[in-house]
Amino acid sequence: MTEVIETSILPEDTDLKHIAQKVYTDQRITNEEALLLFEKGSLGFVGSLANFVREKLHGDRTYFNRNFHIEPTNACIYTCNFCSYSRLYAHRDEAWELGLDQMMDIVKKYDAEPVTEVHIVGGVHPKMNLEFFAELLRKIKAHRPELHIKGFTAVELDYMFRKAKKTVEEGLSYLKEAGLESLPGGGAEIFADAVRKQICPDKVDADGWLQIHETAHRLGMHTNATMLYGHIESFADRVDHMHRLRELQDKTGGFNTFIPLKFRNKDNDMSHVPESTLVEDMRLYAIARIYLDNFPHMKAYWPMLGRQNAQLSLAFGVNDLDGTIDDTTKIYSMAGSEEQTPSMSTQDLVVLIRQAKRKPVERGTLYNVVKDYSREELGSEV
């Protein structure tokens, strides 16, 4: 390890050198050290540390899956200032609302495709209640039992359970019995209460989000975690957010992956807030990879970053690029992301990963290996 440290991009700052020593000797960095990385760590420095951690965990393997999204509605009772996707329920004539048959038509569209996951998230709609979604889950499982269902943010679940007068454990158990297998990480935004009150004051708070995920873990369900960054939060707010996630992961081990989500400012109530630069995006990924030492995976959501920037993130701690998507999500395209029609074939993803000198591996939702493409001939049937 001494040789690795000597050949790394080491700064003059003694505190930063100490952090590097800790990373290379597999010691956990503190909250104060994470804050120091945000304040003083150069892109090259944090990138080299993050890549060390990434390659220690995964080598050159980079994961993706074959998935599609169902977005039941963008009508929502909540008014999050950063959201370009939803339409107030009072103005639902401007929104879409899919019925059970329409959503099953989306599932059936993929009957001949080797997809392994359906991802279900949308707005919080008062008529799309717990029983409505339980029926959807049952229909999907009856039609295609092997399809992994990852669904519903903690914000959606909190509303469903409160409306049904069920505890979190009762509600999750009910949905699990109906076919729900894991939870996405959405709705976390930023946990700091003062910021949350400014950008999403009326939806489930940090403690509620964490309780839902902890309960899911206790019930044997894996989940993901996200953080919305690059708006009005401070570096300290980012560290606080990741600290709460790291603490829960120490307790349960139930998180699969961490997914930083970049704030996009098109057509929302925070359009005056400038977006973060690409350098700051990559620094965030790198520092998150260094700090979240108990999270097995770090994902760059390419429809949000754009495929070239997501490819770049593979040098800054990221080992997962999400999935094929197939233009079934509008959440980031409506916010002005580079990907206005987010769709990549398996071949596209394999090429993208190989161009970054990494090894593409198709996975299931829980990171079981479906197929290793690292030795496939380009142009072969994938």
Side-chain angles (χ1 to χ4, degrees), residues 1-2 4-6 8-58 185 188-196 206-207 209-210 213-214 217 223-261 276 279-299 313 315-319:
M1 285 303 169
T2 304
V4 175
I5 296 171
E6 288 174 351
S8 294
I9 306 171
L10 283 177
E12 293 299 319
D13 189 287
T14 303
D15 292 330
L16 291 178
K17 284 184 179 179
H18 178 65
I19 293 172
Q21 292 279 353
K22 289 181 76 171
V23 173
Y24 287 130
T25 54
D26 204 23
Q27 298 178 62
R28 171 170 283 188
I29 69 168
T30 65
N31 293 354
E32 292 74 23
E33 289 166 337
L35 187 58
L36 188 67
L37 289 179
F38 276 116
E39 291 172 343
K40 294 186 176 182
S42 69
L43 179 62
F45 174 64
V46 297
S48 66
L49 293 183
N51 191 58
F52 174 82
V53 175
R54 181 244 204 266
E55 292 188 355
K56 180 184 68 176
L57 292 172
H58 305 290
E189 320 313 358
I190 200 81
F191 288 150
D193 191 50
V195 179
R196 207 171 181 85
D207 289 342
W209 190 98
L210 291 163
H213 282 259
E214 180 175 354
H217 298 170
T223 75
N224 293 337
T226 63
M227 178 175 71
L228 184 71
Y229 72 91
H231 44 94
I232 62 170
E233 88 286 0
S234 66
F235 291 151
D237 293 331
R238 295 179 184 181
V239 175
D240 167 70
H241 186 100
M242 293 191 293
H243 174 65
R244 298 196 214 190
L245 293 174
R246 192 168 77 171
E247 280 195 320
L248 180 54
Q249 182 75 334
D250 277 343
K251 184 176 180 181
T252 67
F255 286 117
N256 277 330
T257 186
F258 179 63
I259 314 159
L261 297 174
S276 60
V279 168
E280 190 57 31
D281 295 338
M282 295 302 117
R283 279 189 358 108
L284 184 279
Y285 278 99
I287 295 167
R289 179 63 285 175
I290 295 162
Y291 180 83
L292 291 172
D293 56 356
N294 55 4
F295 271 65
H297 303 284
M298 183 76 53
K299 182 190 292 187
S313 74
F316 293 90
V318 168
N319 70 287

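Using bins of under 30°, 30° to 60° and over 60° for the plane-to-plane angle, the ring pair Phe295/Phe258 lands in the perpendicular bin. Ring-plane geometry between Phe38 and Phe235 is classed as parallel, the angle between the planes falling under 30 degrees on a 0 to 90 degree scale with a further cut at 60.
With a 4.5 Å cut-off on side-chain heavy atoms, Val318 and Arg289 do not count as touching. Between Lys22 and Ile290 the shortest side-chain heavy-atom distance does not fall below 4.5 Å. Annotation: side chain of Gln27 is not in contact with side chain of Asp293 (no heavy-atom distance under 4.5 Å). Counting heavy atoms from C-beta on, the side chains of Glu189 and Val195 never come closer than 4.5 Å. In this structure, Leu245 and Met227 have side chains that are not in contact, with every pair of non-hydrogen atoms separated by 4.5 Å or more. The shortest distance between side-chain heavy atoms of Asp237 and Phe191 does not fall below 4.5 Å. A 4.5 Å side-chain heavy-atom check between Asn224 and Asn256 finds at least one atom pair inside the cut-off. Looking at heavy atoms from C-beta onward, Thr30 lies out of side-chain contact with Leu35 at the 4.5 angstrom threshold.
Salt-bridge annotation for Arg28 and Asp250: present, with a side-chain N of the basic residue lying under 4.0 Å from a carboxylate O of the acidic one. Taking the charged nitrogens against the carboxylate oxygens, Glu247 and Arg244 have no contact shorter than 4.0 Å, which rules out a salt bridge. Taking 4.0 Å as the cut-off between side-chain N and carboxylate O, Arg238 and Glu233 count as a salt-bridged pair.
Considering Glu55, His297, Arg54 in turn, His297 is the only one that fulfils the side-chain hydrogen bond (donor to acceptor under 3.5 Å, both in side chains) rule with Asn319.
Take Asp281 and apply the side chain to side chain donor-acceptor pair (under 3.5 Å) test, not counting sequence neighbours, and it matches Tyr229, Lys262, Ser276. Under the side chain to side chain donor-acceptor pair (under 3.5 Å) criterion, Thr223 pairs with His213, His217, not counting sequence neighbours.
Contact between His241 and Ile190 at its shortest, heavy atoms only, is ND1-CA, 3.5 Å.
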Verdict with supporting geometry, Asp15 and Lys40, salt bridge (charged side-chain N to carboxylate O under 4.0 Å, His left out) | CA-CA 10 Å; Asp15 292 330; Lys40 294 186 176 182; 5.3 Å; no
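Within 6.0 Å of atom NZ in Lys251, 12 or fewer heavy atoms from other residues, nucleotides or ligands are found, so the atom counts as exposed in its surroundings.
Checking Ser48 against Asn51 by side-chain atom types alone, no donor-acceptor pair falls below 3.5 Å.
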